[in-house]
Amino acid sequence: MNSSLKKPNLSSVTSINPDGSRYKIHPADVSGPWTRWRRVAAYALIAFFVILPWLQINGHPAVFLDVADRRFHLFGLTLSTQDIWLFFFLVSGLGFTLFYVTALLGRVWCGWTCPQTVYLEHVYRVVERWIEGDQASRRRLDDSRWTGEKLLRRGGKYAVFAVLSFLIAHIFLAYFVSLPHLWKMMTHDPVENWGAFVFVGVFTAILYFNFTWFREQLCIAICPYGRLQSALIDDDSVVIGYDGKRGEPRGKATLKDVGDCVDCRRCVQVCPTGIDIREGLQMECIGCAACVDACDGIMEKLNRPKGLVRYDSLNGLAGKPRRIIRPRTVIYTLLLAVGALVFLFSASLLQPATMTVVRMAGQPFFADTSVIRNQFQMRLFNKSSGKQQFKVVLPKEPHGLKALGLDEEIELKPQEESLHTLILTMPAGEFEDEFPVTLILKEGHGTELTAKLVFLGPAKK
């Protein structure tokens, strides 16, 4: 396999050769302020991912998607399956926030916070450089014959990658089963928890394949975000760009009447997707700023101003003023605020229990010469994470109305549901026409829920 450096172009992605084979991208290492801040952000996000299952809020992990018990704990907010509709606001809100941030700051999500970038650039490639060396050493290793040294380096790298993928898969599983249960499953026979065992195995294999071989292809070929970039940004959005007015025409540093770009190709060598940023904004650019640090390093050595490649808007690169407040940012801000307010209002209406009362199938009522009887089925569900005591009462007893089945308190465990028969009766002589009835469910901490019924009887002649 020939691993010589390939010159990027705008007609095809760098990672695919003309014959359709894979061109393996080995980005060179780079240092600089943007790289340091990205690394700090990446390790903070990894720490956040690892710590969340350990962090307890209201007696539960900060994020615990307890599928088995149908409870979802999100930073102190506990949702049951009956509250799953709130996830619409969470998912759509996160997606819309991404669109909003893109309109302002371009693909800063991809370059700074996307899990694909965080783990590939700051974990797996760090290990790869540590074991196999710099860009030139890795390419020489690709082209060399299989020797003991190559087998040791490649085998060691793949072994570390497998362990990392295995650990990430287990941490991810902890979000669904909790850490104590995860440890219990790990120390028992896999057959006892074969579903979780299969999940970890499959997820580990996916992570290993992705970070070992697929890599930047996920961003280029699968993730739709890059393709939406042209619709989400405008000429005032912050992107990574090349100042062509200052850089062109390119030439050696010793030449006169040339631009600041010396065509060293350092920006191409460090790009994780293999593009040449000097060709303009491209779908493959993830906004990681590696080319910015690389170019600034060269400019510093040549005693030239930094910023030939920089974070800027297309208007800024063209020498025009950049607008932050513009129609799309105003509209996005309003829509984001409305969505957040609707979610907060909806979350404030959540109750620790639900009560539904339906009329039993069959005759709507039973009547004889002395009594009229209506029969209902009452369903109570404890949505909270602790035991609850419930009492169902009639606030009033109009027209001699009596209730059978409301005598005792009802204790329900977390996520427990119970069915009860409720019978309402009244003397036939006091019934004149159908009338509404209100039931009140009282919970031990002061919460009250109501259910509206209608008491039916024979029509008066």
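In what follows, residues are counted from 1 in the order of the sequence shown. Just so you know, these numbers use all the heavy atoms, side chains as well, and skip hydrogens, waters and symmetry mates.
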* To do: Would you please classify the geometry between the Phe203 ring and the Phe199 ring as parallel, tilted or perpendicular, with 30° and 60° separating the classes?
  => parallel

* Structure fact -> Residues Arg266 and Asp29: closest non-hydrogen pair is NH2-O, 2.8 Å

* Lys452 backbone acceptor or donor facing Thr438 side chain under 3.5 Å -> no

* Do you know which two heavy atoms are closest between Gln282 and Glu279, and how far apart they sit? -> NE2-CB, 3.7 Å

* Sub-4.5 Å side-chain heavy-atom contact between Ile240 and Cys291 -> yes

* If you draw a 6.0 Å radius around CH2 in Trp146, do more than 12 non-hydrogen atoms from other residues or ligands fall strictly inside? -> yes

* Heavy-atom neighbours of Lys301 NZ exceed 12 at 6.0 Å -> no

* Indicate yes or no: at least one non-hydrogen side-chain atom of Val338 is less than 4.5 angstrom from one of Val342. => yes

* Near Ile324 CD1, under 6.0 Å, is it more than 12 heavy atoms from other residues, nucleotides or ligands? -> no

* Asked: Is the centre of the Phe166 ring less than 6.0 Å from the centre of the Tyr208 ring?
  -> no

* Shortest non-hydrogen contact from Pro8 to Arg265? -> CD-NH2, 3.9 Å

* Asked: How far apart are the C-alpha atoms of Leu79 and Ile84, what are their side-chain angles, what is the distance that settles it, and do they pass the side chain to side chain contact (heavy atoms under 4.5 Å, CB included) test?
  -> CA-CA 7 Å; Leu79 305 177; Ile84 203 72; over 6 Å; no

* Donor-acceptor pair, side chain of His122 and main chain of Val118, under 3.5 angstrom -> no

* Point-to-point distance, once rounded to the nearest 0.5 Å, from OH of Tyr158 to CD1 of Ile131 -> 11.0 Å

* Verify side chain to side chain contact (heavy atoms under 4.5 Å, CB included) between Thr273 and Cys285, making sure each step is shown before the conclusion. => CA-CA 7 Å; Thr273 58; Cys285 178; 5.8 Å; no

* Can a donor-acceptor pair be found between the side chains of Thr329 and Arg326 at a distance below 3.5 Å? -> no

* Exceeds 12 heavy-atom contacts within 6.0 angstrom, atom CZ of Phe343 -> yes

* Are the side chain of Ser21 and the backbone N or O of Asn17 linked by a donor-acceptor pair below 3.5 Å? -> no

* Asked: At their closest point, which heavy atom of Asp296 faces which heavy atom of Gly307, and how far apart are they?
  -> OD1-N, 3.0 Å

* Asked: Among Arg153, Arg154, Arg138, Lys150, which one satisfies salt bridge (charged side-chain N to carboxylate O under 4.0 Å, His left out) with Glu132?
  -> Arg154

* Structure fact -> Distance col, row Ile233:CD1 vs Ser313:OG, nearest 0.5 angstrom, shows 10.0 Å

* Asked: Is it true that a side-chain atom of Asn210 and a backbone atom of Trp213 form a donor plus acceptor pair closer than 3.5 Å?
  -> no

* Would you call Arg322 and Asp235 a side-chain contact if the rule is heavy atoms closer than 4.5 Å? -> no

* Asked: Relative to each other, are the rings of His60 and His73 parallel, tilted or perpendicular (30° and 60° limits)?
  -> parallel

* To do: Would you mind reporting whether Arg140 and Ser137 have side-chain heavy atoms less than 4.5 Å apart?
  => yes

* Can Asp263 and Arg278 be counted as an ion pair, charged N to O under 4.0 angstrom? -> yes

* Asked: What distance do Thr117 atom OG1 and Leu45 atom CG have between them, rounded to the nearest 0.5 Å?
  -> 11.0 Å

* Asked: Parallel under 30°, tilted from 30 to 60°, perpendicular over 60°: which one fits the rings of Phe214 and Phe209?
  -> parallel

* To do: For side chain to side chain contact (heavy atoms under 4.5 Å, CB included), just list the numbers for Met355 and Arg379, CA-CA rounded to whole Å, side-chain angles, deciding distance to a tenth of an Å, and then say yes or no.
  => CA-CA 6 Å; Met355 175 177 64; Arg379 184 187 301 268; over 6 Å; no

* Just say parallel, tilted or perpendicular for the rings of Phe87 and Phe72, cut-offs at 30° and 60°. => perpendicular

* Working for salt bridge (Lys or Arg N to Asp or Glu O under 4.0 Å), residues Arg323 and Asp236 -> CA-CA 6 Å; Arg323 300 174 303 156; Asp236 291 300; 3.2 Å; yes

* So does Trp85 have more than 12 non-hydrogen atoms from other groups sitting under 6.0 Å from CH2? -> yes

* Derivation of the salt bridge (Lys or Arg N to Asp or Glu O under 4.0 Å) call for Lys24 and Glu216 -> CA-CA 10 Å; Lys24 194 169 185 179; Glu216 74 284 341; over 6 Å; no

* Asked: Where the side chain of Glu128 meets the backbone of Arg125, is there a donor-acceptor pair that is under 3.5 Å apart?
  -> no

* With a 6.0 Å cut-off on ring centres, are Tyr124 and Phe161 close enough? -> yes

* To do: Go through the side-chain N and O atoms of Ser15 and Gln217 and say whether any donor and acceptor fall under 3.5 Å apart.
  => yes

* Kindly determine whether Thr35 and Arg38 satisfy side chain to side chain donor-acceptor pair (under 3.5 Å), including the steps that lead there. => CA-CA 5 Å; Thr35 300; Arg38 283 180 63 232; 5.0 Å; no

* May I ask you to decide if Asp276's main-chain N or O and Tyr242's side chain share a donor-acceptor pair within less than 3.5 Å? => no

* To do: Locate the shortest heavy-atom distance separating Met299 from Asp260; write the atom from each residue and the value.
  => CE-O, 3.4 Å

* To do: Classify the ring geometry between Phe75 and Phe48 as parallel (under 30°), tilted (30 to 60°) or perpendicular (over 60°).
  => parallel

* Side-chain donor/acceptor of Lys6 to backbone N/O of Thr14, under 3.5 Å -> yes

* **Value rounded to 0.5 Å, distance of CG in Leu449 from CD in Gln351** => 5.0 Å

* Worked verdict on Asp312 versus Arg310 for salt bridge (Lys or Arg N to Asp or Glu O under 4.0 Å) -> CA-CA 6 Å; Asp312 204 344; Arg310 63 180 183 268; 3.0 Å; yes

* Kindly check if the number of other-residue, nucleotide or ligand heavy atoms within 6.0 Å of CG (Asp19) is above 12? => yes

* To do: Classify the angle between the aromatic ring planes of Tyr100 and Tyr332 as parallel (below 30°), tilted (30 to 60°) or perpendicular (above 60°).
  => perpendicular

* Asked: Looking only at heavy atoms, which two atoms of Ala174 and Phe64 are closest? And how far apart?
  -> O-CD1, 4.5 Å

* Glu411 side chain reached by Lys387 side chain, heavy atoms, under 4.5 Å -> yes

* Please indicate whether Ile325 has more than 12 foreign heavy atoms, meaning atoms of other residues, nucleotides or ligands, lying under 6.0 Å from its CD1. => no

* To do: Check whether any side-chain heavy atom of Ile331 lies under 4.5 Å from a side-chain heavy atom of Leu335, and answer yes or no.
  => yes

* Asked: How are the rings of Trp112 and Trp34 set to each other: parallel, tilted or perpendicular (split at 30° and 60°)?
  -> perpendicular

* Structure fact -> d(His26 NE2, Arg129 CZ) to nearest 0.5 Å is 10.5 Å

* Answer whether the closest heavy-atom distance between the side chains of Pro61 and Leu55 falls below 4.5 Å. => no

* How many angstroms lie between OG in Ser418 and CG in Leu412, if you round to the nearest 0.5 Å? -> 4.5 Å

* To do: Before giving the answer on side chain to side chain contact (heavy atoms under 4.5 Å, CB included), spell out for Glu192 and Met185 the whole-Å C-alpha distance, their side-chain angles and the decisive distance to 0.1 Å.
  => CA-CA 8 Å; Glu192 297 179 14; Met185 290 190 294; over 6 Å; no

